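Below: the structure, in C-alpha cells.
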Amino acid sequence: VVTRDDVEESLKAVFLFVKDKEQLLQDLRSKIEETKQRILEKQHERDYWLEYKNVGSKIHAEKISSLEKDIAEVKYELERTEEYYREALKVVREENQKLFDRHMKLLSEEALKNAVGYLDKNCRREIEENEWLKEEVR
C-alpha cells in the first residue's frame, strides 16, 4: 500500500534529482563557454602567426601548423562534448518523464483508493451488484 507521504517523498526525490541535473547542465554550459573562449584565443593566436608567416617568417611555420591542429582538436573535442551532453540530457529527460509518469499513476491509484474509502453503504451496494465496478474497485 502506497501512502500519500510515500508519494510526496518520491515526488520530492524526483524534483531534487531534476534540480541536480539542471545544475549539472548549467555547469556543463559554463565549461562549453570556457572551451569556446579557448577556441577564440587560439584563433587570435593563429591569426597573429599567420600574419607573421605572410610577412616572410619561415621559422614559425611549424608553430602555425601546430596551432591550427590544436584549434581543430579543440573544436573536435567541443563537438564531441556537446554531443555527449546532449545525449546525456536526453536520457535524463526520458528518465525524469518515466519517473513522473510512474508517480502520477501512483497518485491516481491512491486517489481511487481514497474515493472508494469514502463511499456510503448505498454506493457500495451498487458497486457490489455491478461486476464492472467491482473490477474498477479492485
Side-chain angles (χ1 to χ4, degrees):
V1 176
V2 177
T3 66
R4 180 182 182 101
D5 292 337
D6 293 339
V7 173
E8 288 178 356
E9 284 181 29
S10 297
L11 283 174
K12 285 179 184 177
V14 168
F15 289 123
L16 287 175
F17 178 75
V18 170
K19 186 177 179 182
D20 290 343
K21 290 301 178 179
E22 288 174 352
Q23 180 62 41
L24 176 63
L25 181 62
Q26 185 65 28
D27 294 342
L28 296 176
R29 285 183 180 145
S30 66
K31 286 182 183 179
I32 289 172
E33 280 300 315
E34 290 173 15
T35 305
K36 286 180 181 180
Q37 288 292 4
R38 284 189 5 222
I39 288 172
L40 285 174
E41 291 171 9
K42 291 288 185 180
Q43 284 177 335
H44 288 305
E45 190 175 345
R46 181 196 68 183
D47 293 343
Y48 169 80
W49 289 112
L50 279 175
E51 183 179 327
Y52 184 73
K53 177 183 172 187
N54 290 337
V55 171
S57 174
K58 300 296 178 185
I59 298 170
H60 297 290
E62 272 186 42
K63 182 157 182 147
I64 293 169
S65 174
S66 173
L67 290 172
E68 288 174 341
K69 287 179 185 176
D70 288 348
I71 290 171
E73 287 175 13
V74 169
K75 283 182 178 179
Y76 175 73
E77 287 298 319
L78 174 64
E79 290 170 2
R80 280 187 41 205
T81 303
E82 284 179 334
E83 183 60 30
Y84 171 79
Y85 290 122
R86 196 174 296 120
E87 289 297 318
L89 178 62
K90 180 181 174 184
V91 168
V92 167
R93 283 185 177 157
E94 289 172 359
E95 184 178 328
N96 288 343
Q97 186 62 42
K98 287 178 186 176
L99 287 171
F100 183 76
D101 291 342
R102 192 174 107 231
H103 288 295
M104 290 306 293
K105 182 179 176 186
L106 288 172
L107 284 174
S108 66
E109 288 173 1
E110 186 171 328
L112 178 61
K113 288 177 186 177
N114 287 340
V116 169
Y118 290 118
L119 293 176
D120 62 3
K121 289 182 180 180
N122 291 333
C123 290
R124 287 181 187 267
R125 191 171 297 131
E126 286 180 30
I127 291 172
E128 290 171 359
E129 293 170 358
N130 190 329
E131 286 299 319
W132 178 80
L133 287 176
K134 282 183 184 179
E135 286 299 316
E136 286 299 315
V137 168
R138 284 190 201 131

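Worth saying up front: this structure is predicted, and the values here are computed from it rather than measured.
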[X] with [Y], same ILVMFWY side-chain cluster at under 4.5 Å:
X	Y	answer
Y85	L24	yes
V74	I71	no
F15	M104	yes

To the nearest 0.5 angstrom, please state how far the [atom1] atom of [X] sits from the [atom2] atom of [Y].
X	Y	atom1	atom2	value
E110	L106	CD	CG	8.5 Å
K12	L16	NZ	CG	9.0 Å
H103	E9	NE2	CD	11.0 Å

Sequence neighbours left out, cut at 3.5 Å: what donor-acceptor pairs do the side chains of residues 25-43 make with other protein atoms?
{"from": "D27", "atom 1": "OD1", "to": "Q23", "atom 2": "NE2", "distance (Å)": "3.0"}
{"from": "S30", "atom 1": "OG", "to": "D27", "atom 2": "O", "distance (Å)": "2.6"}
{"from": "T35", "atom 1": "OG1", "to": "K31", "atom 2": "O", "distance (Å)": "2.9"}

Original post:
After noting the C-alpha distance and the side-chain angles of T3 and D6, does the key distance pass the side-chain contact (heavy atoms from CB on, under 4.5 Å) rule?
Top reply: CA-CA 5 Å; T3 66; D6 293 339; 3.2 Å; yes
**OP:** Could you tell me which residues satisfy salt bridge (Lys or Arg N to Asp or Glu O under 4.0 Å) with E8, sequence neighbours excluded, listed by chain and number?
**Re:** R4
**OP:** Answer yes or no: is there a side-chain heavy-atom contact under 4.5 Å between F100 and V14?
**Re:** no
**OP:** State, with a plain yes or no, whether a side-chain heavy atom of E68 is found less than 4.5 Å away from one of L50.
**Re:** yes
**OP:** Sorted by first residue and then second, give each salt bridge (charged side-chain N to carboxylate O under 4.0 Å, His left out) pair with at least one member in residues 79-91; sequence neighbours left out.
**Re:** E77-R80, E83-R86
